[in-house]
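Notes follow the structure.
Just so we're on the same page: letters track the sequence lines, and every chain starts at 1.
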Amino acid sequence: MAQIGHNVSLSERARRIRRHALRMGEVQGQGYIAQALGIADVLAVSYFHATHYRSEDPEWEGRDRFLLSIGHYAIALYAALIEAKIIPEDELETYGADDSRLPMSGMAAYTPGMEITGGSLGHGLGIAVGMSLALKRKKSTSFVYNLFSDGELDEGSTWEAAMSAGSSKLDNLIGIVDVNQMQADGPSMAVLNFEPLGAKFEAFGWFVQRVDGNDIDALVAAFDAARHHKGEQPRIIICDTKMAKGVPFLEARERNHFLRVEPHEWAEAIRIVDAGVVT
Amino acid sequence: MRRSKYVRPEHLTHGGDRPRLTTSAMIASIAGADQPTKPAPFGHALADLASRDDRIVGLSADLAKYTDLHVFRAAHPDRFYQMGMAEQLLMMSAAGMAREGFQPWVTTYAVFASRRAYDFVCLAIAEERLDVKIVCALPGLTTGYGPSHQATEDIAMFRGMPNLTIVDPCDASEIEQAVPVLSAHRGPVYMRLLRGNVPLVLDEYGYRFELGKAKLIRDGRDTLIISSGLMTMRALEAAKHLEKDGVDAGVLHVATIKPLDEETILAECSKQNRLVVVAENHTLIGGLGEAVAATLMRSDVRPTAFRQIALPDEFLEAGALPTLHERYGLSTSRVEAAVKSWLNE
C-alpha cells in the first residue's frame, strides 16, 4: 500500500483527483476531462489501495508498475500522481505548457511516475507482457498494471498481447479496462462491437472480473481479488465507468470524448466536486 | 513489370527439350557455388556473447529457425522467448523487457519488422531510446517468394525514424564482429541479417567492423563503388573482374547506414575524375544511394558522375534468387556491366 495518508478515505482521494484534473483542464481550457472524471475512482483505488510505490523514488525497483496505455488520459494520471505526491502540486499549472513535465499526451521521458509512452493506442498491454516476463526473470514479486480503454480493444495488438499473457500464464499482470462506452467517432459499441468482453478474456485464459468502475467498494474488492487470486493466469478488471462522473452537467453532454468546456464552467465543475455532489 | 497470368511460360509453350526449372525456395542462398561460407554466424555470435552477458535475451515471432536464433535458443533455452507470430507484440514485449534492464535481441523477417510493426518499433522502442536490437532476415531481395517476403523498402522506412541505428553487414565475419559491438552500443539498432550459410568475403581484406564507420576496402582510380550489405561482396567481385579489363575500381563499404559516415564519404567523393556508383540491395528510393546523394549535395561535393545500382521502384517478381539478382541488376555480372557502360558514356 502507499506509504502516505492512510487516514484519508478513498472517496476523498477520488474527489481530489477529480479536482486536480479539473484545475489542469482549466489551465488549458480543454482536455480529456470526461475520461479523467470517469476513471478517478479507479485511480484512487489503484494508487491508494492496490499498488506499492515510493513517492520520493518513482523508479524504486520494488514498485508495482502502473502503465497508462491510453496516453490521452494523461490528465487523469497526472492528477493521481499529484495526489500521490510523485508530482508536486504546483506543477499542475504547467499542464500542457511549453517545457512542462506534463504534456497533453502521456510520455515516459517527461513525467515522473509515467512508465510508458502511450497515445498510439494498443501499446500498453504488450509492453506489460514484456515487463511481466522480465519481472519474473528477476524473481520480482511486483505486479504490472496496465490501464487501457474500450477503444483500444479495436487494436489487434491488444489481442496479440492478451493471447500471449494467457499463454505465458502471467499471474503478475493485472489489466484494467476502462469501458466508458465512448471513443473518438462515437459510442464504442457502435464503432466496433467488443462484447462479450469478459468471455473473450476468459477464453484467452484470464481471471476476469467486471465491476462498476465508479463504485469504490466494488473496486477495492476486485483489486484485492486480482492480487490474491491463486490461479496461474493474468487478471483483468473490466471497469464500467461513466464519462464525466461527478459533474452532472458534464455527464449530460452527449458527445463527450473531447469535452468543450466554457471558461465559466470550470469553476462551476470544481465547486460541484468540492461540494462532494455525487450522482 | 510483372508478367501476365494469362500467358503460359514460353519454355512450356514450345515443348521439346524443357530446361530444368529453377526453384524459388525460401532457403535460397546468396552464396556463390565456390564461395567459402559459415553457418548461422549471427546465432553463434549471440549465443557466445550471451554466455558472458546475462542481460541478453532472445525473442522470436515464430521464425527462430529462419533467423538463426535457434542456435541461441539451443545454447540458452531459458533466455529464449517465443512470442508467436505476432510482430507487434514482439516489439512491445521487447520494449517491456528493455525497460526492466534486459537487452532483448528480437528477430523476424525484415518485411514484418518494418511494414507490420513500424509503429511499435517507433513509439515503444525508438522514441524511448530503449536498448533493443532488431535483427531481421530476408532484407531487400534475398528471397524468391515475391513481395510478401521481400523487404525492398525497409531502409527507406527506418531511416526516417529518429534514434534508430541501421546496420547492413556484408558477410559472416562482419556479422560476427557486429554482434558484440552492437551490444555495447546503448540504444535501438536495426540490423539486416544474412542467415543460413553466409559467405565469408571480408576476412581476405583484413576488414574490421566499426559502428558508424565507412571503410575503404579497396582503392581505385577510375571508379568508386559505395556499397552496403551483400552488394559489397558483389562490388568486390566485380572490381576483380574489371581489373582484368584495365578498370581500376575502388570499394567503400558502408555497413552503418545511419548514422552515415559523411566525413569518409565526402573525402572519397572529393577525389576528382572518378565515377561514383552507389550499390545497394534496396529500392532506389530512400536508401543508401539517396542518402549519399543528399550528403554530397548538401556539402557542395560534386563527383565527375554519380550513378545508382538498386532495385527498381516496383513490386518484384517471384522466382529463383540467382535469376532475380540477374534480372534486377544485383548480380556481379550486372554490376560489372553497369560500371563499364557508365565509364564509356
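- Residues B:R99 and A:A108 share a closest heavy-atom pair of NH2-CB, 3.5 Å.
- The number of heavy atoms from other shown groups lying within 6.0 Å of CD (A:Q28) is above 12.
- With a 4.5 Å cut-off on non-hydrogen atoms, A:E61 touches chain B through its side chain but not through its backbone.
- Considering all non-hydrogen atoms of both residues, B:L89 and A:A161 come closest at CD1-CA, 3.8 Å.
- Heavy atoms from other residues, nucleotides or ligands lying under 6.0 Å from CZ of A:R210 number more than 12.
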| task | Check the pair B:M83 / A:V129 against side chain to side chain contact (heavy atoms under 4.5 Å, CB included), numbers first and verdict last. | result | CA-CA 10 Å; B:M83 304 316 298; A:V129 164; 4.1 Å; yes

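- Within the 4.5 angstrom heavy-atom criterion, only side-chain atoms of B:F102, from C-beta onward, approach chain A.
- By the neighbour-count criterion of 12 heavy atoms within 6.0 Å, atom CG of A:D185 is sparsely surrounded, having that number or fewer from other residues, nucleotides or ligands.
- Heavy atoms of B:A94 lying under 4.5 Å from chain A are absent altogether.
- Residue B:R129: no heavy atom, backbone or side chain, is found under 4.5 Å from chain A.
- Ranked by heavy-atom pairs under 4.5 Å with chain B, the first of A:E160, A:M107, A:M131, A:K138 is A:E160.
- More than 12 heavy atoms of other shown residues, nucleotides or ligands fall within 6.0 angstrom of atom CG in B:D53.
- A salt bridge is defined here as a Lys NZ or Arg NE, NH1 or NH2 lying under 4.0 Å from an Asp or Glu carboxylate O, and B:E100 with A:R65 meets this definition.
- Atom CD of A:E195 sits in a crowded spot, with more than 12 heavy atoms from other residues, nucleotides or ligands closer than 6.0 Å.
- Annotation: A:M189, atom CE; neighbour count of heavy atoms from other residues, nucleotides and ligands within 6.0 Å is above 12.
- Distance check: A:R137 CZ to B:R55 CZ gives 13.0 Å after rounding to the nearest 0.5 Å.
- Both the backbone and the side chain of B:M97 come within less than 4.5 Å of a heavy atom in chain A.
- Distance OG1/A:T117 to CD1/B:I125: 12.5 Å, rounded to 0.5 Å.
- Here OG of A:S164 is found 9.5 Å from CD of B:Q82. Values are rounded to the nearest 0.5 Å.
- With values rounded to the nearest 0.5 angstrom, B:L59 atom CG is found 8.0 Å from A:L133 atom CG.
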